[in-house]
**Student:** 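The structure's right below; bear with me while I get my questions together.
Source: prediction; values computed, not measured. For the numbers below, each heavy atom of this structure counts, side chains included, while hydrogens, waters and symmetry mates do not.
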Amino acid sequence: MGTFVGHFVPGLAFTFLGLWHTICTIKCYKLKGPSHFTSTTWFPINTRNHFIKHLELYLLFTFSIVVIILQLINHPFQALNYEHASMYLHVALYSFLAIVIDLSPSSNSLSGLVTTLAASVFAQELLLLHFHSADHVGLEGHYHWLLQLIVAASVVATFLSGISSNSFSAAIVRSGCVILQGWWFMVMGFALWMPKLLPKGCHVENGEVACASEEITKRAMAVANLEFSWAVAGVWVVVAFLTLRLDWKLEYRQLQGPTVRESDGLKLVNRLDNGVGLV
C-alpha cells in the first residue's frame, strides 16, 4: 500500500482495536482478579442482541472484505496487491470463524482454536511482509523491517496468551502490540508518503522513496529508529496510564466479606446467649 491513505486508514483501525483490547483486558483483570482472569482475542459487548454482542468481529470482517475488494480492483494483476489482500483474507477468516465458534454449543472448549487463529493472522502477516514481492530497500525497507519486529512480537504474545490464558502480561503485551502496529502504520504514512515530511534529501520517485546519497539514507534510518523508540515508549505510557487510572472494583467480593463476618458475629451472640464460652 504505497499511499498515505493505504497506511493511515489501516493504522487508525489497528489503533482503535488495540485501545479497545487494552481497556477490556484491564477491566477483565481487575474485575476477575489474577486467579480468575482469562485472556481472549476478542471482547463481546454485554447485550442480548447478537449483532451488537459480536460488533468487534463484524467490523473486522467488513473492514477486511472492503480492503480485499479495493486491493483487487486497483491493479488486479500485481502480486503486491494479492499479498496485501491475502493479509486481510486471514483477518476475515479469523473474525468469521470466531463468530461461528462463539455461536456453537461447544464454544468454551474451542476457545483455544480462536487464539490459534489470531496467532495465525499475525504469522501470515509476518510471512508476507518478510517475503514481500515489492523490493523495499533503503529507507522504505527499513520502516518495513521495523514493522516486522512489531508483528513478530504480536505472534509471540498471542502464542503465549494461548498457552497461558490467565497471563495478564501476555494479554496486555498483545494488546499493546496491536496499538503499536497501528501507530507505526500511521507513522509510515506520514514519514514516507507525505512529501513535506520526507527527510531532507529524499523524494518519492515512481511510487518509491529514494534518497540522494548513502549518507542521507543512513541519517533518515537513524531518525526512523528514534521514531520507533518513541512510538514504543508512547504505547507503554498509554497502557500504564490506562492500567493505573481505570478502576473496576471487585464489588461482589467486597459484599461477600462483610456478610461472612456478620454471620460469624450472629453465631457468637447465639453461643453467648446459650451460655457457651469461648475456648
Side-chain angles (χ1 to χ4, degrees), residues 1-3 6-11 13-15 17-18 21 39 41-42 57 60-61 63-72 74-98 101 112-163 170-171 173-189 192-193 207-209 221 224-225 228 231-232 235:
M1 298 182 191
T3 63
H7 285 84
F8 183 80
V9 174
F14 270 106
T15 300
L17 179 64
H21 278 208
S39 65
T41 58
W42 70 279
L57 297 175
L60 269 178
F61 181 80
F63 180 78
S64 301
I65 295 299
V66 170
V67 173
I68 291 172
I69 293 173
L70 291 176
Q71 287 294 323
L72 297 180
N74 297 323
H75 309 291
F77 299 107
Q78 289 188 1
L80 179 63
N81 290 64
Y82 282 102
E83 290 170 356
H84 291 153
S86 296
M87 293 180 190
Y88 286 97
L89 173 63
H90 288 277
V91 178
L93 286 173
Y94 156 75
S95 54
F96 174 76
L97 291 175
I101 290 172
L113 177 58
V114 179
T115 305
T116 303
L117 289 170
S120 174
V121 170
F122 290 119
Q124 290 294 324
E125 181 185 6
L126 180 61
L127 175 71
L128 292 171
L129 283 173
H130 187 71
F131 297 103
H132 218 287
S133 63
D135 187 18
H136 289 311
V137 295
L139 180 60
E140 188 177 353
H142 190 67
Y143 272 94
H144 279 83
W145 184 80
L146 293 172
L147 175 62
Q148 290 180 52
L149 295 181
I150 304 172
V151 180
S154 302
V155 174
V156 174
T158 307
F159 181 73
L160 291 177
S161 66
I163 295 176
V173 168
R174 184 189 65 222
S175 301
C177 285
V178 175
I179 300 176
L180 182 59
Q181 189 172 166
W183 281 16
W184 195 243
F185 264 119
M186 290 191 288
V187 168
M188 290 173 63
L192 297 176
W193 308 113
E208 297 181 357
V209 179
M221 287 181 179
N225 293 336
F228 184 80
V232 173
V235 167

**Student:** Would you name the heavy atoms of Val209 and Leu192 that are closest together and state the gap between them?
**Tutor:**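 Looking at all heavy atoms of both residues, the closest pair is CG2-O, 3.6 Å.
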**Student:** Give, for atom CG of Leu180 and atom OG1 of Thr15, the distance between the pair rounded to the nearest 0.5 Å.
**Tutor:**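 That separation rounds to 9.0 Å.
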**Student:** Enter the distance from Met221:CE to Leu139:CG here, rounded to the nearest 0.5 Å.
**Tutor:** 6.5 Å
**Student:** For residues Phe122 and Gln181, report the shortest heavy-atom separation together with the two atoms involved.
**Tutor:**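 Shortest heavy-atom separation between Phe122 and Gln181 comes out as CE2-NE2, 3.9 Å.
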**Student:** Give the intermediate values and the outcome of side chain to side chain contact (heavy atoms under 4.5 Å, CB included) for residues Leu72 and Tyr82.
**Tutor:** CA-CA 7 Å; Leu72 297 180; Tyr82 282 102; 3.7 Å; yes
**Student:** With rounding to the nearest 0.5 angstrom, report the CG to CG distance, Leu146 to Asn225.
**Tutor:**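 These two atoms lie 6.0 Å from each other.
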**Student:** Nearest 0.5 Å, please: how far is CZ in Phe228 from CG in Leu149?
**Tutor:** 5.0 Å
**Student:** Can you give me the closest heavy-atom contact between Gly182 and Phe14, atom names plus distance?
**Tutor:**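 For Gly182 and Phe14, the tightest heavy-atom pair comes out as CA-CB, 3.4 Å.
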**Student:** Determine whether His144 and Met188 make a side-chain contact, defined as any pair of heavy atoms from C-beta on separated by less than 4.5 Å.
**Tutor:** yes
**Student:** Are more than 12 heavy atoms from other residues, nucleotides or ligands located less than 6.0 Å from atom CZ of Phe63?
**Tutor:**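 For Phe63, atom CZ is crowded (more than 12 foreign heavy atoms under 6.0 Å).
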**Student:** Atom OH in Tyr88, atom CD1 in Ile69: separation rounded to 0.5 Å?
**Tutor:** 14.0 Å
**Student:** Please test Arg174 against Thr41 for side chain to side chain contact (heavy atoms under 4.5 Å, CB included), starting from the C-alpha separation and ending with a verdict.
**Tutor:** CA-CA 9 Å; Arg174 184 189 65 222; Thr41 58; 4.2 Å; yes
**Student:** Residues in side-chain hydrogen bond (donor to acceptor under 3.5 Å, both in side chains) with Ser39, at least two apart?
**Tutor:** none
**Student:** If you take all heavy atoms of His21 and Ser175, which pair is closest and at what distance?
**Tutor:**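 Scanning both residues, the minimum pair turns out to be CB-OG, 3.5 Å.
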**Student:** Please name the pair of heavy atoms, one in Tyr94 and one in Val121, separated by the smallest distance, quoted to 0.1 Å.
**Tutor:**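 Where Tyr94 meets Val121 most closely, the heavy atoms are CB-CG2, 3.7 Å.
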**Student:** Look only at the side chain of Ser64 and the backbone of Leu60, and say whether a donor-acceptor pair between them is shorter than 3.5 Å.
**Tutor:** yes
**Student:** Ignoring hydrogens and angles, tell me if any N or O in the side chain of Asn81 forms a donor-acceptor pair with the backbone of Gln71 under 3.5 Å.
**Tutor:**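 Side chain of Asn81 to backbone of Gln71, a donor-acceptor pair under 3.5 Å: yes, one is there.
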**Student:** Is the gap between the ring centers of Tyr143 and Trp184 under 6.0 Å?
**Tutor:**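 When the ring centroids of Tyr143 and Trp184 are compared, they turn out to be within the sub-6.0 Å range.
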**Student:** Indicate yes or no: at least one non-hydrogen side-chain atom of Glu140 is less than 4.5 angstrom from one of Glu208.
**Tutor:** yes
**Student:** Search all heavy atoms of Ser161 against all heavy atoms of Thr115 and return the closest pair with its distance.
**Tutor:**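 Closest pair (atom of Ser161, atom of Thr115, distance): OG-CG2, 4.1 Å.
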**Student:** What donor-acceptor contacts under 3.5 angstrom involve side-chain atoms of residues 123-131, with partners at least two apart or in another chain?
**Tutor:**
unit_1: His130; atom_1: ND1; unit_2: Gln148; atom_2: OE1; d: 3.0

**Student:** In Å and rounded to the nearest 0.5 Å, what is the CG to CG distance from Leu117 to Leu97?
**Tutor:** 5.5 Å
